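A quick note: this is a predicted structure, and the numbers were derived from the prediction, not measured.
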Amino acid sequence: MSHRYKCILLFGAPGSGKGTQGKILGQVPGFFHLACGDVFRSLDLASPLGKKFMTHSSKGELVPDELTVEMWQQNMKAQVALSIFKPAQDLLVLDGIPRTVSQAKALQNYIDVLAVLHLICPDQKEMVRRMRRRALKENRLDDADEKVIHHRFDVYRNETEPVLSYYPANIIHEVPATESPSMVLMSVLDLVAPIQDHHFKNPLTL
Ligand code: AMP
């Protein structure tokens, strides 16, 4: 691929609100939101990859890097081929990937990360409450079990947090994420609106 997708990463612990903010941004023309967990959940759970996903996610573990990156690449290709994601005009908003340094390295050839929005919620109890609400609403096994939830936080600290040091400090923005979705959205928009405006005025020539 000659051009890397211009991209904004939504980063944060489970329950920090990446999905909520990503879904809202995805409604704004010029943003294309892709949540890695949603792509996994859309798989046929009887397929070999679907089964692998269930095995790992039900324990609060990450799906192995190679499978994840391969699935992400296939999905992105399909979104571009179907013109759902238009890389010349749209900013890609990635949520839940990369989740390991090895994934960040593998994605480096495909994405040009303009900003990393690090959603910070220092209150772990609040994040757990959000995950439990989501478990009920979306029937998510991985967010229903207390032990699995706590393991997800350990995995986040050990495997995902180090991804932050992979990117230059000047593109990482801390977003307080304890407030209501609309307050968080204001902070998110403050950061992404100028980036979108620049991309809008300087579209890629593919
Ligand atoms: P999420 O919806 O982002 O909370 O993801 C749900 C589950 O999907 C995670 O606990 C992992 O098992 C799997 N998953 C999602 N994204 C990734 C990723 N980038 N790498 C590995 N596993 C992932």
Does any part of the side chain of [Y], heavy atoms only, come nearer than 4.5 Å to the side chain of [X], both counted from C-beta?
| X | Y | result |
| --- | --- | --- |
| Leu92 | Phe85 | yes |
| Asp112 | Leu114 | yes |
| Leu164 | Ile172 | yes |
| Ser102 | Tyr166 | no |
| Tyr110 | Gln73 | yes |
| Lys59 | Thr55 | yes |
| Leu25 | Leu189 | yes |
| Ile171 | Pro168 | yes |

| Trace of the side chain to side chain contact (heavy atoms under 4.5 Å, CB included) decision for Gln103 with Thr68 | CA-CA 8 Å; Gln103 290 179 16; Thr68 301; 3.8 Å; yes
What heavy-atom pair brings [X] and [Y] nearest, and what distance separates the two atoms?
| X | Y | value |
| --- | --- | --- |
| Pro181 | Thr20 | CB-CG2, 4.2 Å |
| Ala115 | His173 | CB-CD2, 4.0 Å |
| Ala177 | Leu119 | CB-CB, 3.9 Å |
| Glu70 | Gln74 | OE2-NE2, 2.7 Å |
| Ala104 | Val163 | CB-CG1, 4.3 Å |
| Arg157 | Pro162 | O-CD, 3.7 Å |

| request: Assert yes or no for the condition that the ring centre distance of Phe32 to Tyr5 is strictly below 6.0 Å. | output: no
| task | Go through Glu146 and Arg132 one step at a time and tell me if the salt bridge (Lys or Arg N to Asp or Glu O under 4.0 Å) criterion holds. | result | CA-CA 9 Å; Glu146 192 82 25; Arg132 288 189 162 288; 2.3 Å; yes
Crowding at [atom1], [X] (>12 non-hydrogen neighbours, <6.0 Å):
| X | atom1 | value |
| --- | --- | --- |
| Lys105 | NZ | no |
| His150 | NE2 | yes |
| Gln108 | CD | yes |

Distance, nearest 0.5 Å, that separates [atom1] of [X] from [atom2] of [Y]:
| X | Y | atom1 | atom2 | value |
| --- | --- | --- | --- | --- |
| His33 | Ile24 | NE2 | CD1 | 10.0 Å |
| Cys7 | Leu34 | SG | CG | 9.5 Å |
| His199 | Ile8 | NE2 | CD1 | 9.5 Å |
| Gln21 | Leu185 | CD | CG | 5.0 Å |
| Lys6 | Gln89 | NZ | CD | 14.5 Å |
| Cys36 | Lys18 | SG | NZ | 11.0 Å |

Check for a donor-acceptor pair, side chain of [X] on one end and backbone N or O of [Y] on the other, with a separation under 3.5 Å.
| X | Y | answer |
| --- | --- | --- |
| Gln196 | Pro29 | yes |
| Arg99 | Thr160 | no |
| Asn202 | His198 | yes |
| Lys86 | Ser83 | yes |
| Arg152 | Pro14 | no |
| Arg4 | Ile111 | yes |

| task | Go through the steps for Ile149 and Phe153 under the test side chain to side chain contact (heavy atoms under 4.5 Å, CB included), then give the verdict. | result | CA-CA 7 Å; Ile149 290 182; Phe153 282 110; 3.6 Å; yes
Common cluster, [X]/[Y], ILVMFWY with side-chain heavy-atom separation under 4.5 Å:
| X | Y | answer |
| --- | --- | --- |
| Val128 | Val155 | no |
| Val148 | Leu62 | no |
| Val63 | Leu45 | yes |
| Leu91 | Ile97 | no |
| Leu9 | Phe31 | no |

| query | Passes side chain to side chain contact (heavy atoms under 4.5 Å, CB included), Leu67 versus Met71? Steps please. | reply | CA-CA 6 Å; Leu67 281 179; Met71 185 209 57; over 6 Å; no
| task | Walk me through it: do Asp95 and Phe11 pass the test side chain to side chain contact (heavy atoms under 4.5 Å, CB included)? | result | CA-CA 7 Å; Asp95 150 7; Phe11 198 90; over 6 Å; no
